[in-house]
Amino acid sequence: MESRKEEVLGFDSVRKSGHGALRGQSVATSRRTGQGQPLTRPRALSTVCPRAGRNGAPPRRSGALFVLIEHLLGKRLPDDPKDAQTPGHRLMLRGGYIRQIGQGIYSLLPLAWRACAAVEAIVREEMNAVGGQELLMPVTSPAELWQESGRWDAIGDELVRFTDRTDHSYVLNMTHEEVVVDVARGNIDSYRQLPCMLYQIQTKFRDEPRSRAGLIRVREFTMKDAYSFHRTPEDLDAYYKKVHHAYERIFRRVGLRDVIDIESDTGMMGGSVAHEFMLVTPIGEDTLVVCPESGYRANREVAAAARVYASDEEPQPLRDVETPGQKTIDEVTAFLGSDARHACKCVAFMNGTQPVLAFVRGDFEVNQAKLRKAASAPDLRAMQEEEFAAAGSVPGYAGPVGLDPEKVVLVFDESVVKSPNLIVGANRRDWHRTGFNFGRDMQGGIVADITDVVEGDPCPLSGKPLELKRGIEIGNIFQLGDKYTKAMGFQYNEEDGTLREPVMGCYGIGIGRTMASVVEESHDENGPIWPVSIAPYKVQICCLQAKNEEIADAARKAYEELRAAGMDPLLDARSVGAGFMFADADLVGAPIRLIFSKRNVAAGVAEMRYRIAAPPEGLPAELPLEGLADKVRELLAQLMRPYTFDGVE
RNA sequence: CGGGGUGUGGCGCAGUUGGCUAGCGCACCUGCUUUGGGAGCAGGGGGUCCCCGGUUCGAGUCCGGGCACCCCGACCA
């Protein structure tokens with residue numbers, strides 16, 4: 001295999017006259033295809049000797065190894081691709097970071113992959129630091145495992161299922177609770193082995209109904225997922241806090257600035273306590289509720305508000321009123337000369353075949369995550385018009401009075417329970433009722449908070465106005481409890497000889513999404529501004545006037561010295577205009593740029609440019625070529641400081 | 001799954017009521033000249049016009065059906 005590879009990569013086939021093996025047409029022919037395409041892989045890019053450079057640029061030195069920008073796979077474009085929506089997506093397409101292959105499915109080209117690899121390295125360090133053991137679980141798993149946990153039925157189309165040639169059912173794992181519990185139950189028998197944390201960095205597939213914004217929301221993605229097992233909920237809780245802290249370190253180290261942790265919904269993962277780590281950004285898909293006063297912060301799916309519904313209105317009698325053709329809250333209240341605060345909105349759902357009607361005051365919106373939890377209705381979907389009859393109601397005129405609680409689940413928001421004299425639907429066409437008072441006109445049903453928090457609602461902690469923000473979820477942590485260990489029969493021997501199920505936590509980070517979030521947060525119109533910690537290339541050498549032997553030699557010498565000193569610079573010695581070269585360099589986004597030119601080389605210096613969000617004071621504008629590598633290394637160490645903790649905890 | 005939009009070389013686009021060999025800019029290749037923020041001249045290569053069917057002497061263009069991708073919504077462990 002090894003010898004074959006060398007032969008195919010054909011280092012010796014670099015032709016004197018011109019192109020490197022990667023571009024050349026005469027490289028070894030692929031035996032399989034016979035089409036004469038050079039068989040290459042990205043790895044080869046960093047080891048292949050480059051071409052001599054066009055137009056008589058200096059020939060390569062024998063034995064020298066370069067990473068030349070013309071060998072860097074990924075075409076950099078002057079125009080914005082039309083499908084790009086967010087700034088980060090646009091720059092990653094323009095810079096040749098990613099290539100879309102289908103809806104929500106991308107190849108990561110070398111630049112993106114290098115940044116992701118840097119993110120992964122940081123994640124590994126921090127997971128190892130909290131005692132994690134890395135392993136690798138498969139992309140697929142048999143249906144039986146998911147039937148054991150109950151999620152084979154509980155999860156919808158998002159879980160991709162398929163059968164093999166012998167008609168056995170499998171899934172593409174969208175998460176790995178089932179698989180990791182299987183691994184753990186086969187390997188952990190004793191309390192002595194607990195606590196235990198296992199993690200992997202692996203591909204997930206979720207058949208999202210809609211992907212968007214490049215790597216921000218995709219169907220196939222790389223995720224770091226970690227799972228911990230504990231003897232007691234207290235131990236889980238303590239460990240959960242440790243991972244929480246590790247996550248803060250990770251997001252700081254990858255250079256994300258505006259990340260907050262918020263309380264979140266546990267959704268179909270189950271469990272009790274959960275937090276999400278959100279990059280706060282207007283392009284985010286989640287709505288966050290925060291209180292600057294108390295520090296309260298939560299996903300809108302679970303956020304609470306301390307609303308007050310005081311009213312001194314006298315209860316009015318319940319009365320039928322004709323409202324021909326008036327269906328919406330706006331229409332009905334306008335027709336009756338009232339307002340949305342005096343109306344009761346009914347939103348109709350189905351949970352499988354079970355009708356679920358949610359009642360909120362007219363000026364609020366139903367929060368489906370809250371409703372799902374309150375009504376124990378995991379499969380909530382909007383009710384179709386033709387399903388209203390079975391629920392005993394009429395679209396546009398649905399109201400709480402007169403429905404059969406045996407057939408219909410009724411959920412009332414506090415805003416309805418505590419507000420007097422509401423306008424409600426009469427459950428017959430063209431009729432409403434006024435003067436509805438919960439308690440007098442309606443008993444029973446489920447009473448719960450099922451509304452969205454709105455801007456300015458009082459904070460549950462401080463009572464001050466809440467603010468709404470948007471965010472991208474880049475990580476989450478859950479306390480799962482014993483849901484999976486119990487369902488899948490994972491037991492261990494306690495000290496006293498009894499059999500017990502461990503309690504479990506799980507902890508995810510989207511690797512590609514984190515990398516893409518960095519670009520969303522840190523860029524200008526010319527390209528990403530990479531944090532030094534995850535920049536695909538930390539140093540780029542730009543050699544202007546590369547046809548001049550002396551200048552090119554100086555640039556190449558610097559390149560070799562930097563490499564020898566353990567750095568991995570990118571060398572651009574193309575015979576192109578300075579503007580062209582700098583524009584490309586901006587798209588690559590190396591934080592440190594060394595510029596070699598006639599006047600710099602004559603002065604015995606490399607000119608320094610920095611692509612850094614907040615450059616520290618006193619960065620050198622040039623460095624002497626003498627001892628350049630050491631100086632650059634020191635500079636890099638200095639620039640890395642904001643992304644490390646320097647032993648300070 | 002609903003609503004809207006787009007499919008023409010690697011990217012961005014033009015292509016009239018159906019009519020000549022399908023065009024433009026960028027990118028790419030060759031040569032020369034240039035070289036500090038996307039250079040100039042000359043020459044050159046690259047296209048199943050998303051797919052299938054139909055109408056027609058003739059279809060990128062008209063008709064029917066499909067597919068893909070994007071946006072908004074529904075959905076989202």
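All figures in this text were calculated on a predicted structure; none of them were measured in a lab.
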S.K.: Quick one: A/Arg574 CZ to B/G37 C1', roughly how many Å, whole number?
M.R.: 13 Å
S.K.: Would you indicate what A/Arg90 reaches in the nucleic acid, counting non-hydrogen atoms under 4.0 angstrom: base, sugar-phosphate, or nothing?
M.R.: nothing
S.K.: Taking the inter-plane angle between the rings of A/His275 and A/His244 on a 0 to 90° scale, is it parallel (under 30°), tilted (30 to 60°) or perpendicular (over 60°)?
M.R.: perpendicular
S.K.: Using atom CE of A/Met174 as one end and atom P of B/C76 as the other, report the distance to the nearest whole Å.
M.R.: 11 Å
S.K.: Please give, in whole Å, the distance from B/U34 C1' to A/Lys598 NZ?
M.R.: 12 Å
S.K.: Base, sugar-phosphate, or nothing: which does A/Asp157 touch, judged by heavy atoms less than 4.0 Å apart?
M.R.: nothing
S.K.: Considering every strand and a 4.0 Å limit on heavy-atom distances, what is the contact class for A/Asp225: base, sugar-phosphate, or nothing?
M.R.: nothing
S.K.: State whether A/Gln100 places a side-chain N or O below 4.0 Å from either non-bridging phosphate oxygen (OP1 or OP2) of B/A68.
M.R.: no
S.K.: Between B/G4 atom C1' and A/Gln85 atom CD, what is the distance in whole Å?
M.R.: 14 Å
S.K.: Find the distance A/Asn299:CG to B/C76:C1' and express it as a whole number of Å.
M.R.: 12 Å
S.K.: Whether A/Arg217 contacts B/C71 is assessed here as follows: a side-chain N or O lying under 4.0 Å from the phosphate OP1 or OP2. Is that the case?
M.R.: no
S.K.: Out of curiosity, A/Glu144 CD to A/Tyr170 OH, how far, rounded to the nearest 0.5 Å?
M.R.: 8.0 Å
S.K.: Which whole number of Å gives the distance between the P atom of B/G23 and that of B/G65?
M.R.: 33 Å
S.K.: Write down the distance separating the C1' atoms in B/G60 and B/G4, rounded off to the nearest Å.
M.R.: 24 Å
S.K.: Where the side chain of A/Ser211 is defined as all heavy atoms beyond and including C-beta, which of B/C70, B/C76, B/G37 is the nearest nucleotide?
M.R.: B/C70
S.K.: For residues A/Phe251 and A/Phe277, establish whether the separation of their ring centroids is below 6.0 Å.
M.R.: yes
S.K.: So, does A/Gln103 get its side chain near the phosphate of B/C70, meaning an N or O under 4.0 Å from OP1 or OP2?
M.R.: yes
S.K.: Taking atom types as they are modelled, would you say the side chain of A/Asn526 forms a donor-acceptor pair with the base of B/G38 within the 3.5 Å cutoff?
M.R.: no
S.K.: I'd like the C1' distance from B/G47 over to B/G7, given in whole Å.
M.R.: 15 Å
S.K.: Rounded to whole Å, please give me the gap between CZ in A/Arg212 and P in B/A74.
M.R.: 13 Å
S.K.: Against A/Arg593, only a single residue in A/Asp586, A/Val539, A/Asp572 fulfils side-chain contact (heavy atoms from CB on, under 4.5 Å); can you say which?
M.R.: A/Asp586
S.K.: Using a 3.5 Å cut-off on both pairing distances, which stems of three or more Watson-Crick or G-U pairs include RNA chain B?
M.R.: B:1-7 with B:67-73, B:10-13 with B:23-26, B:28-33 with B:39-44, B:50-54 with B:62-66
S.K.: Within the 4.0 Å heavy-atom criterion, would you say A/Ser149 contacts the bases, only the backbone, or no part of the nucleic acid?
M.R.: nothing
S.K.: Quote, to the nearest angstrom, the C1' distance that separates B/G40 from B/U34.
M.R.: 7 Å
S.K.: Please measure how far the P atom in B/G73 lies from the corresponding atom in B/G66, and state the result in whole Å.
M.R.: 27 Å
S.K.: How are the rings of A/Phe229 and A/Phe490 set relative to one another: parallel (under 30°), tilted (30 to 60°) or perpendicular (over 60°)?
M.R.: perpendicular
S.K.: From the set B/G38, B/C71, B/G36, return the single nucleotide nearest to any side-chain atom of A/Ala583.
M.R.: B/G38
S.K.: Return the CE to CZ distance between A/Met504 and A/Phe478, rounded to the nearest 0.5 Å.
M.R.: 11.5 Å
S.K.: Using whole Å, what does the distance between atom P of nucleotide B/C75 and atom CD of A/Glu473 come to?
M.R.: 17 Å
S.K.: Flag yes if more than 12 heavy atoms outside A/Gln147 fall under 6.0 Å of its CD atom; otherwise flag no.
M.R.: yes
S.K.: Using a 4.0 Å heavy-atom cut-off, does A/Arg609 contact any base of the nucleic acid, only the sugar-phosphate backbone, or nothing at all?
M.R.: base
S.K.: Around A/Leu136, counting heavy atoms of other residues, nucleotides and ligands shown, do more than 12 lie under 6.0 Å from its CG?
M.R.: yes
S.K.: Quick one: NZ on A/Lys373 to CD on A/Gln368, what's the gap to the nearest 0.5 Å?
M.R.: 14.5 Å
S.K.: Within the 4.0 Å limit for protein heavy atoms, which parts of nucleotides 8-14 of chain B are touched? Write it as a string from 5' to 3', B for base, S for sugar-phosphate only, - for none.
M.R.: --SBSS-
S.K.: When you get a sec, tell me which of B/G37, B/C70, B/G36 is the closest nucleotide to the side chain of A/Ser597?
M.R.: B/G36
S.K.: Name the closest nucleotide to the A/Gln368 side chain, picking from B/C70, B/C75, B/G37.
M.R.: B/C75
S.K.: Got a salt bridge between A/Arg217 and A/Glu208, using NZ or NE/NH1/NH2 to carboxylate O under 4.0 Å?
M.R.: yes
S.K.: Say we look at B/C32 and B/U48: how far apart would their P atoms be, to the nearest angstrom?
M.R.: 33 Å
S.K.: Would you say that more than 12 heavy atoms from the other residues, nucleotides or ligands in this model lie under 6.0 Å from the CZ of A/Arg99, or not?
M.R.: no
S.K.: Among B/G37, B/G36, B/U34, which is the nearest nucleotide to the side chain of A/Ser575?
M.R.: B/U34
S.K.: Considering only the C1' atoms, how many Å lie between B/A39 and B/C52, rounded to the nearest integer?
M.R.: 47 Å
S.K.: Would you please test A/Tyr227 and A/His176 for ring pair (Phe, Tyr, Trp, His ring centres under 6.0 Å) and show each step?
M.R.: CA-CA 9 Å; A/Tyr227 308 88; A/His176 280 77; 7.3 Å; no
S.K.: Can you tell me how far C1' in B/G46 sits from the matching atom in B/G5, rounded to whole Å?
M.R.: 30 Å
S.K.: For the side chain of A/Lys547, counting heavy atoms from C-beta on, which of B/G36, B/C75, B/U35 is nearest?
M.R.: B/U35
